[in-house]
Amino acid sequence: MRRILDWLTQRSFRLQLIGAAVLSEIILIAALTYLGIQQMDRALAEQIRVRIDQGTVLFNAALASELAERNYSALELALQRARGEGEIDYAVLRDERGKLIVAAGWDMERPLPPIDGDVLAAADSGMVHLQQFITLGGLKVGELRYGLPTAFLQEARRRLLRQVILVASAGILVSLVGLLLLGFGMMRRLGNLTHVAGRLAGGDLSVRVVNDRHDEIGRLGAAFNNMAQMLDERVHALHASEERLALVMLGTSDGIWDWDLRRNATYFSPRFRELLGYGDEQEFRVMFQFRTALHPDDRDRTLAALDAATQQADVRFDETYRLRCRDGSYRWFRGRGQTQRDEGGEASRFAGSLSDISAQKAVEQALRESEETFFYAVRGSSDGIWDWNVSENTYYISPRYRELLGYSEEELPNERQSFLGIVHPEDLPRVEEAVRKHFRERTPYDVEYRMRHKDGGWRWFRGRGQAVWNPEGRVIRFAGASSDIEAQKQAEGSIKSLLAEQQALLDNALVGIVYLKNRVVMSCNRRFEVLFGYEPGELTGQTTEILYPYPSWDIYDARGAETYQVLNSNRSFSEEIQLRRKDGSLFWGYITGRAIDPAHPQDGSVWIYLDVSERRLAIEALRVSEGRFRKYFEESTDASLIIEGDRFVDCNLAALNMLRMNSKQELGTVHPSELSPEYQPDGRLSVEKADEMIRIAFEQGSHRFEWLHRRADGEIFPAEVLLTRIIHQDTPLLYVVWRDITDRKLAETENRKLREELEQRVRERTAELTAANKELEAFSYSVSHDLVAPLRAIDGVFAHDRGRLRCAGRRTRQGIHRSHTQWHTTHAAIDRRHACLVTRDTQRDETRYRQSLRHRCIYSERS
């Protein structure tokens, strides 16, 4: 073989060139074949990964729900269908506990092959063994083992290899023929070009064609060199651009999108999917549609801006809107895009970015709410707000602060020195020291100081603030509020006076007041000391054992435990008990107390002591008096009853006898209206008139009247009723007294008849006396006339002795007048005698009637 090569080398340079050219082509074709096989392997491996990913999603979607519902027949049918369609070679499905459910295409007597970690290495064997967990709602519900056939990869590789060999052989044959036809030179130069092409195909873009001629092949070589140079520059630029784009897409927090308007093809970067919560490209492509994902409130505005950006050349797309994420929630995004147009001005491409601004929106909302809150807080606060930006040396004084001091903004500018300038000189060092201590030790800043008001007076303020420190420990901000405490300061002076007055009031109180702690007297008023006969301050520090006549400490301790148990339940303790004075004498007292803190009554309680000895005596006297009243009530001969509301609550024996009832219980079941007839003698309804009588009794305190009552057996009888209003234990009652006046009514009837008879007799006697009186008047007139006429005649006859006769006549007339007067006197005496006789008869009859009535009443009571 070497001899043949030597011969060819010596004899034919053309053959050497042809051989070199053929060898170069073979090498070039082999390199291209190798690169093609590698590219094909990568493409097939990517296809296997895609099929595995798709199978993972499909198997989980198809088997999860059926596996959770234990629908084993549907699971077996789904796996058999997948095996029949050639998607898998075998499948073994187990539940979450590892129990076998379905085995399709695999004999379970044989062990399952191990799971392939390297998919490419396993693909060469024709089968990839895989494992997948079936999940539902994030929970594992089963496990799937299956085999994915890869025979198609080997078949594709063999088919490509045959095609490459066929193409290479044809190329070599054509090259040989061409070289032989075109000649040695052309073959040499073409071989050079082939060699350069091979190197270019190998990725060496720096190779160039050596060419010193200007013929077609030379120009081709020059063009080839230019092309190689431009390709090298373009490839370097493209690589740099791709690296930059990949780096930008990898490092940016925005999602990138690209829309080819002519082909209606869109590209979304992985970050775009992540912003919307999608992890799988296929799921994102299926579920995401921009127009439907827009929030209904933002859809019209955003789509209008998108249309304007794609249709108008000078409009950019820059909008904020909400998109629906994978979990169904909406998030705020900012989309920005730019349209690319062709030479005719028509939009051909539209690309841009998507930024998640949900946090920014939340911050803006929070900041807006915070600013509103701060604005209204400052505006509505009664305190003055100040803010000292120490790092920038700026100072802020709120309008309310100036209003409290009476200054305008020009009179009190936003400067630290203007604030310090109106602080009282005596308080300024204390204020500055408090600020420095707060900055240095971070203790609370809370100080009181005086500030000069615009009217020249000094006002008390209380300043409280908080500083902000940077990581290095330097103060960068100091803000707070100042409260006007002038009224508080004035109140403090008043409080001191009030405390003195309070102590004076306590000392002059009519009850003893004491503050106890662990049953020890901590403080008390003077009345408490006087009540027990001690000197001022003598009881302080003493236990209350000296106040009680308990025979032993055990009894005292037990009584205290009962008392503090009541105080511990947040109640007041009260009782009447005998107390002991300093001299040993006993008196009755009323004590009441309450714990200051019910959770710890031993720590402090306030007690009031009152001497109730006189009240006890009064109560005892009242009890005796009530006993006497009860005895009088029960033994009284008058019917006595007590009404509360509309029922009888008590009565005595006389009332039961009057009503002819057997017991008080029987009376208690009867309504008062049932003890009266329907109508009273005046024609009024008993119910209406009874209400009126009761109202009068309550208004006037008591009321006496007559009433018709009805006994239990139905008998109607008149009675005199006395209603008296009484209050018993804050309850209004009526004390009722009945007196049966039947006999009196009968006596009144007889008396009325007697009166009528007497009046008739008086009228008759008066008529007789009147007639006699008229006869006497007539007789007197006649006598007077008969005596006067002769005297007048004698006076005329004896005119000469007129004077003497006149005197005699005067005496006569006087005698007649006396006679007439005596008659009238006699007549009046007769009338008086008659009246006395009538009166005496009437009085005698009344006396006789009263004696008869008294005898009847006594007989009725005895019976």
Side-chain angles (χ1 to χ4, degrees), residues 39 42-43 46-47 49-50 53-54 57 230-231 233-358 360-361:
Q39 189 67 24
R42 284 194 294 270
E46 184 64 26
Q47 186 176 0
R49 291 192 183 93
V50 171
D53 294 339
Q54 291 178 349
V57 175
M230 293 178 62
L231 183 61
E233 294 175 356
R234 294 276 181 92
V235 168
H236 280 86
L238 180 61
H239 285 170
S241 177
E242 289 180 349
E243 291 176 356
R244 287 195 300 271
L245 180 60
L247 185 61
V248 169
M249 292 179 64
L250 183 63
T252 184
S253 60
D254 296 345
I256 307 299
W257 47 270
D258 183 11
W259 182 15
D260 191 337
L261 298 175
R262 293 179 177 176
R263 294 188 302 144
N264 195 24
T266 55
Y267 165 78
F268 298 97
S269 68
R271 180 58 180 165
F272 192 99
R273 299 194 307 271
E274 293 174 1
L275 291 176
L276 295 174
Y278 292 93
D280 182 68
E281 172 70 19
Q282 186 66 25
E283 181 185 12
F284 174 74
R285 290 286 183 179
V286 172
M287 297 182 62
F288 178 76
Q289 295 293 331
F290 182 74
R291 292 178 180 269
T292 58
L294 282 168
H295 193 279
D297 296 340
D298 305 332
R299 185 175 295 137
D300 295 339
R301 172 177 53 83
T302 305
L303 294 179
L306 185 65
D307 294 339
T310 55
Q311 295 175 7
Q312 301 178 21
D314 56 345
V315 177
R316 290 174 58 90
F317 178 75
D318 191 348
E319 290 291 331
T320 58
Y321 44 83
R322 286 163 286 183
L323 289 175
R324 186 176 62 249
C325 299
R326 185 178 182 275
D327 57 3
S329 63
Y330 285 93
R331 293 179 66 85
W332 277 99
F333 294 93
R334 179 182 182 185
R336 286 169 286 189
Q338 179 66 43
T339 305
Q340 182 181 3
R341 302 182 180 276
D342 56 15
E343 296 177 355
E346 184 178 356
S348 60
R349 204 175 198 90
F350 186 50
S353 63
L354 183 73
S355 304
D356 186 353
I357 60 171
S358 297
Q360 177 183 345
K361 283 287 186 179

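What you find for Asp254 and Leu275 is that their closest heavy atoms are C-CD1, 4.3 Å. Counting all heavy atoms, side chain and backbone alike, Thr339 lies closest to Thr310 at OG1-CA, 4.0 Å. Residues Val315 and Ala308 share a closest heavy-atom pair of CB-O, 3.8 Å. Closest of all the heavy-atom pairs between Ser348 and Arg262 is CB-NE, 3.7 Å.
Side-chain contact between Arg285 and Thr266: present, with at least one pair of heavy atoms (C-beta onward) separated by less than 4.5 Å.
Remark: the Asp356 side chain and the Trp332 side chain contain no N/O donor-acceptor pair separated by less than 3.5 Å.
Going from atom CZ of Phe333 over to atom OG of Ser355 covers 9.5 Å, rounded to the nearest 0.5 Å. Atom-to-atom distance recorded for Ser329:OG and Leu276:CG is 10.0 Å, nearest 0.5 angstrom.
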Test Phe290 against Trp257 for side chain to side chain contact (heavy atoms under 4.5 Å, CB included), laying out the working first. CA-CA 11 Å; Phe290 182 74; Trp257 47 270; over 6 Å; no
Test log, rule side chain to side chain contact (heavy atoms under 4.5 Å, CB included), inputs Arg316 and Gln338: CA-CA 6 Å; Arg316 290 174 58 90; Gln338 179 66 43; 2.5 Å; yes
Determine, step by step, whether Arg322 and Asp297 satisfy the side chain to side chain contact (heavy atoms under 4.5 Å, CB included) criterion, reporting the C-alpha distance in whole Å, the side-chain angles of both residues, the deciding distance to 0.1 Å, and the verdict. CA-CA 9 Å; Arg322 286 163 286 183; Asp297 296 340; 3.6 Å; yes
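The existence of a salt bridge linking Asp318 and Arg334 is confirmed by a sub-4.0 Å separation between a basic side-chain nitrogen and an acidic carboxylate oxygen.
Residues forming a salt bridge (charged side-chain N to carboxylate O under 4.0 Å, His left out) with Glu346 (at least two apart in sequence, or on another chain): none.
The aromatic rings of Phe268 and Phe272 sit tilted, their planes meeting at an angle between 30° and 60°.
Applying the 6.0 Å contact sphere to CZ of Arg326 captures no more than 12 heavy atoms from other residues, nucleotides or ligands.
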